[in-house]
2 protein chains.
Amino acid sequence: MSGSEVQKPPPLAKALYRARQGDSPCAACDVRHLAVCSALEESDLNELEAILHHTQLSAGDTLFDEGEPSTNVYNLTTGCLKLYKLLPDGRRQVTGFLFAGDFVGLANRDEYIYSAEAVSAITLCRFEKRKLDQLMHDHINFERRLLGMARFELAEAQDQILMLGRKTAMERISSFILMLSERAKRRGDPDNPVGLPMSRNDIGDYLGLTTETVSRTITRLRKSGTISLDTDHKVIINDREALVEIAEGY
Amino acid sequence: MSGSEVQKPPPLAKALYRARQGDSPCAACDVRHLAVCSALEESDLNELEAILHHTQLSAGDTLFDEGEPSTNVYNLTTGCLKLYKLLPDGRRQVTGFLFAGDFVGLANRDEYIYSAEAVSAITLCRFEKRKLDQLMHDHINFERRLLGMARFELAEAQDQILMLGRKTAMERISSFILMLSERAKRRGDPDNPVGLPMSRNDIGDYLGLTTETVSRTITRLRKSGTISLDTDHKVIINDREALVEIAEGY
DNA sequence: TTTCCCTGATGATCTGGATCAATGCCCGGA
DNA sequence: TCCGGGCATTGATCCAGATCATCAGGGAAA
């Protein structure tokens with residue numbers, strides 16, 4: 001792991017700039033409205049800041065491995081992180097891709113139940129679980145927010161299960177592109193040329209397919225005109241209606 | 001739906017019997033220690049009882065359908081219930097089997113995100129979500145219990161995703177039998193001749209396989225001596241070690 | 001008792017996606 | 001500038017599990 005840990009001042013230039021204006025780092029955070037942190041009043045943010053450490057990792061760095069004691073939870077502030085599980089013979093299942101504002105660690109108990117690796121360069125806020133639990137105890141809204149997030153993730157997991165159990169390769173790829181597009185929109189990023197920061201191999205391990213099948217299927221979508229490939233890992237959705245129809249299984 | 005709704009007195013003869021002894025129905029409930037209800041002190045159980053309705057359904061009855069407004073949540077007290085999602089062309093994915101003590105409705109928002117159908121005859125406690133939310137608000141422990149359950153289910157969903165994405169038919173069937181065994185044990189039922197109340201078709205739709213593959217794979221496990229089939233939908237695990245090795249993918 | 005229906009088991013064949021293999025491209029380091 | 005390694009694409013072949021088809025058992029109704 002080559003990621004360095006930066007204390008207090010957040011690595012985001014913009015946040016730093018705003019912080020110098022007089023606001024606290026958390027109050028200036030670009031993704032606070034997306035994250036758990038939105039559960040706290042501005043006046044309570046200093047409590048959060050007191051227990052948080054800013055961290056950054058480069059693409060390919062490991063944040064933690066499945067089976068390690070889960071002493072920390074994280075909030076992703078920039079970049080893309082992947083979560084995955086391995087079978088003894090090396091088969092891999094990527095269980096999720098996380099983006100700015102996403103929370104890491106809801107599902108874990110005493111040990112991490114998956115490994116986490118940076119897809120791109122990322123920045124995160126790290127919390128010691130023990131301290132966050134304490135803070136949560138005093139702020140019931142924080143706990144409620146966490147329950148809301150857990151319920152949301154549970155609903156998303158059901159969709160993922162349907163996809164893996166019953167959808168074809170073409171339906172999976174279409175669903176995947178649409179999901180990335182919708183999530184980008186939700187966090188305020190452009191939803192049409194949609195970023196695909198992860199490799200074909202990562203996509204395959206997320207969708208239960210091989211890289212070859214991912215590649216061939218994307219080619220088919222491209223040749224049919226439904227999507228186009230931009231440079232720099234971006235997909236242009238030319239016909240969203242068609243993509244939705246395919247994804248839903250019509 | 002042919003299930004009848006019974007007010008107040010629980011349909012369980014045993015619970016009724018105990019209730020007559022002077023305890024409240026909830027205090028006498030066989031599965032309270034497994035259910036959300038364990039979050040409340042005995043002294044607060046009357047608040048729960050005030051908003052709960054006992055319900056029963058026959059095998060094959062529908063509890064609710066995907067897309068309906070989710071006005072109720074439920075706690076299963078006896079029997080087996082399956083949750084499933086459909087694709088437009090009729091492909092079905094069973095996302096979960098629920099047993100005594102399990103809670104129905106954590107993942108739902110305004111609408112049910114899956115349909116629920118009784119696998120065997122079942123009994124449940126029904127709560128109006130609106131009223132339960134109110135009660136929750138006053139009993140922080142209830143909310144904490146729900147968060148704990150959501151986190152647990154999230155972890156289980158990860159396993160299901162790994163299974164659907166990367167395991168072979170043989171590994172899926174083995175994992176499935178072991179899961180049922182472990183859950184039976186957790187709720188205090190015998191874990192070795194393990195009950196398999198659902199049809200081969202339901203199992204297939206849960207594991208992302210066809211009935212034929214389920215049937216053939218179970219036959220292979222039986223012929224290898226790892227398991228035996230008892231009458232009355234029961235499986236005898238002869239070699240748990242072997243089954244675990246297969247399930248884990250060694 | 002016979003008939004019907006539903007579920008599960010099993011055989012024969014087919015196919016979507018896996019596997020194996022080769023090539024091209026881009027980027028970074030010498 | 002050239003070389004090497006990683007990633008994506010594409011082609012050829014294979015196979016696990018799907019699909020199609022048949023049959024056996026067992027319970028319910030007549």
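In what follows, chains carry the letters A, B, and so on, assigned in the order in which the sequence lines appear, proteins first and then strands, with residues in each chain numbered from 1.
With sequence neighbours excluded, no residue satisfies ring-ring contact (aromatic ring centres under 6.0 Å, His included) with B:Tyr84.
Ranked by how close their nearest DNA chain D nucleotide is to the 5' end, B:Arg220 and A:Ile218 are led by A:Ile218. Mapping A:Arg216 and A:Arg166 onto DNA chain D by nearest heavy atom places A:Arg216 closer to the 5' end of the strand.
Residue contacts for A:Gly60: at a heavy-atom cut-off of 4.0 Å it reaches no nucleic acid atom on any strand shown. Using a 4.0 Å heavy-atom distance criterion, A:Thr211 is classed as making no nucleic acid contact.
Contacts with DNA chain C (heavy atom under 4.0 Å) in residues 194-206 of chain A: none are found.
Within the structure, every side-chain polar atom (N or O) of B:Thr213 is placed at least 4.0 Å from both OP1 and OP2 of D:dG17.
Using a 4.5 Å heavy-atom cutoff, the side chains of B:Ser228 and B:Asn238 are in contact. In this structure, the side chains of A:Leu124 and A:Leu63 come closer than 4.5 Å at one or more pairs of heavy atoms.
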Does the pair A:Asp159 and A:Lys167 meet the rule for a salt bridge (Lys or Arg N to Asp or Glu O under 4.0 Å), with working shown?
CA-CA 11 Å; A:Asp159 289 333; A:Lys167 288 192 183 179; over 6 Å; no

Pair A:Asp102-A:Arg183, salt bridge (Lys or Arg N to Asp or Glu O under 4.0 Å): steps then yes or no:
CA-CA 10 Å; A:Asp102 290 340; A:Arg183 288 176 63 182; 2.8 Å; yes

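Put simply, chain B comes within 4.0 Å of DNA chain C, heavy atom to any atom, from C:dG8 to C:dA12, going 5' to 3'.
Remark: B:Asp202 engages B:Arg92 in a salt bridge, criterion side-chain N to carboxylate O under 4.0 Å. With respect to the salt-bridge test (charged N to carboxylate O, under 4.0 angstrom), the residues A:Asp205 and B:Arg166 qualify.
Side-chain atoms of A:Arg240 and A:Ser181 include a donor-acceptor pair closer than 3.5 Å.
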